[in-house]
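Letters A, B, ... mirror the listed sequences (proteins, then strands); counts begin at 1. The structure displayed is predicted, hence computed values, not measured ones.
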Amino acid sequence: MKKESISLETQLSAWCAETFAACFPGVDLSTIPLAVIPSRNEEFGDCQCEAAMKLAKELKTNPRAVAQQFKEKAVLPAFVEKIEIAGPGFINIYLKTAALADQLTAMQSDKKLGLPNLGKNQTVIIDYSSPNVAKPMHIGHIRSTVIGNALDRLYRALGYNVIADNHLGDWGTQFGLIILGYREFADAEALKTAPVEELERIYVKSYNMSKEDETWRDRAKAELVKLQQGDKENRALWEKFVELTLSEFNRIYKRLGVSFDFYRGESFYNDQLAGTVARLKKEGLASVSDGALVCDLEADGLNVAIVRKSDGGYNYTTTDIATVISRTAEFQPSEIIYVTDERQQLHFKQFFHICKKIGVPTKLTHVWFGLMRLPEATFSTREGNVIKLEALLNEAEARALEVVKTSSPGMDEAQQREIARAVGIGAIKYTDLSQNPQSLVTFTWEKALAMDGNSAPYLQYAYARIASVRDKYAAQFPDKNPDDFPIILTEEIERRLALKLTRFPAAVVSAASLDRPSVMADYLFDLSQTYSSFYQNVPFLKADEGPRESRIRLCALTAAILKNGLALLGIETPERI
RNA sequence: GCACCCAUAGCUCAAUUGGAUAGAGCAUCUGACUACGAAUCAGAAGGUUGCAGGUUCGACUCCUGCUGGGUGCACCA
């Protein structure tokens, strides 16, 4: 990587570490966080270092004195204007404005906008979306899909070799019920027009019958056994169910701009389950209890996990362990990330623990999010109060279309629709991505489809305005190239914008390493707010030559970051909205 | 009963993982379209961070105990 594309904070962190080492030669600094971070408050410089206070705690001395010692010893890097000691021992750093301009120039000449190649030669598997076959996707599925996809994009942007795997729920006891129900009361017409809905109807009906009718339950069980033993007819039916479901899911994924490298459902690992259990037994981790084979994790505070049912069948703990073993052998990933809702926390803790015990070296991460609820209650298929994902997408596009029509009445209809699609889908995604997911979410249409304030359309609007400025500039000054002029930061708002622009790479790194797309969304919104203020308060096209070109360049870099940053969240940026 | 999670402005959420005066958006109020797109901007108002203790230079953040809500806890995934 080119040296100038390393963020200023990264360089300053290294500089601080060196200076502290010089001040305190005998002291072990390895455990002290020495990083330089963006200032928490703009009035206290551009960046700050809190290490003096942390170090003072370690040394049991006065933090201000430590900071003072640092300041006396410090030889300022060329791009630093000055440093100041403040408060209990903050080291506030002021950057030279010219250095900021240089940093922007370097970013602009880099196709990756300064993103580091952190993931070189590392494979990360992201397991997300993972819906069940024969059940329509509803609004509860969107979070895993959208968050997982954003992580996918973030890791890829940082150079990781990402494998996106859709671990479909395509195997299990429900298929006995569905096969039986299908034979008895499938509606051929409904199966054509709305296949997954019909499969679900069949399942629900069959399930309810099994609860009341023992004979029915036994027949379903028999169908399941036949399927598991490879019976041709049942196998063909199962394949048909999977195919019908997938084709419908793919239609939704396409609308969402989501794609996977693999669709390896649970069935893919089916023939590895017996071996997995054998391995657990061999390692002495499994024991028989009430006829079932279990891993007792009581000692680690993780209850008991069943790995083979008393009827000899396997359950999802076993499947998940087998999946990890298989993935590790095939891809040697450095990490596997799972994106699911919070209800599965215990399950993941259990099987991560077991994997560790059998010596799986891979880092396993569970990214969980709060359950989606309706204002009245938790929604469930049985209650019949689910909102289907497609209905949500349709509604989003319809509402966006209304807005587009009123604000751009002259546009032809096809373009209006295309924009409404990007804006509507973007709004939905952003709603899920812009908040820390670890709290339960109450679904409201109003919130899901927010179009102003902290929302995707706000960011898209900022982008479209820049695109418009760019085109107007090109039309008015066809013989000029802004890049032939230097970036000069004279207005305070220009400097503030510049500082935020330089922090794009750090935002991406942070979002990925915390597995929180919301960090990226926060950054982009903050950037957009600063840009909007710049836009509203400083003339571009009417400015004198020089400042004019410099501002056009700031606009261009902002546009590039908005476009790329939103792309990392899977959100499109139309040139006109 | 045990475990995990959540509680911040009227509402929806932030707070760089222990830092300086807790910040945004919506809603409310006041201003700004004969400058580049008003899906915008400038400003005002809004807080005992659920409660009570504790740890320390410093707590929304960590510890203990409560209150209220959510979710799990043996053959569904």
Would A:Y523 and A:S510 count as having a side-chain donor-acceptor pair, cut-off 3.5 Å? no
Nearest listed nucleotide, side chain of A:P539, among B:rA20, B:rG18, B:rA35: B:rA35
Just to verify, what does A:D471 make a side-chain hydrogen bond (donor to acceptor under 3.5 Å, both in side chains) with, not counting sequence neighbours? A:R576
Name all residues meeting the side chain to side chain contact (heavy atoms under 4.5 Å, CB included) criterion together with A:Y461; count only those two or more places apart in sequence or in a different chain, and write none if there are none. A:R465, A:I577
ring-ring contact (aromatic ring centres under 6.0 Å, His included) partners of A:Y430, counting only residues at least two apart: none
Give a yes/no answer on whether the side chain of A:K447 brings an N or O atom under 4.0 Å of OP1 or OP2 in B:rC13. yes
Not counting sequence neighbours, which residues clear side chain to side chain contact (heavy atoms under 4.5 Å, CB included) with A:V509? List them please. A:P116, A:L118, A:L158
What pairs with A:F477 under ring-ring contact (aromatic ring centres under 6.0 Å, His included), at least two apart in sequence or on another chain? A:Y473
Candidate nucleotides B:rU40, B:rA20, B:rU17, ranked by approach to the side chain of A:R516 - the nearest: B:rU17
Dot-bracket notation for RNA chain B is requested: 5' to 3', Watson-Crick or G-U wobble pairs only, both distances under 3.5 Å, with ( ), [ ], | and . as defined. (((((.(..((((.....[...)))).(((((.......))))).....(((((..]....)))))).)))))....
Just list the side-chain donor-acceptor pairs under 3.5 Å for residues 38-47 of chain A, sequence neighbours left out, or say none.
| unit_1 | atom_1 | unit_2 | atom_2 | d |
| --- | --- | --- | --- | --- |
| A:S39 | OG | A:F44 | O | 3.2 |
| A:S39 | OG | A:G45 | O | 3.1 |
| A:S39 | OG | A:D46 | O | 3.4 |
| A:S39 | OG | A:C47 | N | 3.2 |
| A:S39 | OG | A:C47 | O | 3.4 |
| A:R40 | NE | A:E50 | OE2 | 2.7 |
| A:R40 | NH2 | A:E50 | OE1 | 3.2 |
| A:R40 | NH2 | A:E50 | OE2 | 2.9 |
| A:N41 | OD1 | A:E43 | N | 3.2 |
| A:D46 | OD1 | A:R495 | NH1 | 3.0 |
| A:D46 | OD2 | A:L95 | N | 2.7 |
| A:D46 | OD2 | A:R495 | NH2 | 3.0 |

Does anything in residues 518-530 of chain A reach RNA chain B, meaning a heavy atom under 4.0 Å, and if so which residues? A:D522, A:F525, A:Q529
Indicate, yes or no, whether a donor-acceptor pair under 3.5 Å links the base of B:rA20 to the side chain of A:Q48. yes
Quick note, A:N537 side chain, CB onward, closest among B:rC36, B:rG19, B:rA42 is B:rA42
Distance-only check: which donor-acceptor pairs under 3.5 Å involve side-chain atoms of residues 60-71 of chain A, not counting sequence neighbours?
| unit_1 | atom_1 | unit_2 | atom_2 | d |
| --- | --- | --- | --- | --- |
| A:N62 | OD1 | A:R64 | N | 2.9 |
| A:R64 | NH1 | A:G87 | O | 2.7 |

Among B:rG70, B:rC41, B:rG19, find the nucleotide with the atom closest to the side chain of A:E50. B:rG19
For A:Y463, ring-ring contact (aromatic ring centres under 6.0 Å, His included) partners two or more places apart: none
Going 5' to 3' through nucleotides 72-77 of chain B, assign each nucleotide B (protein heavy atom under 4.0 Å from a base atom), S (under 4.0 Å only from sugar-phosphate atoms) or - (no protein heavy atom that close). SSBBSB
Pairing donors with acceptors under 3.5 angstrom, does anything connect the side chains of A:E84 and A:Y94? yes
So, do A:Y458 and B:rA39 meet the stacking rule of ring centres under 5.5 Å and planes under 30°? no
Those residues at least two apart in sequence (or on a different chain) that pass ring-ring contact (aromatic ring centres under 6.0 Å, His included) with A:Y314 are none
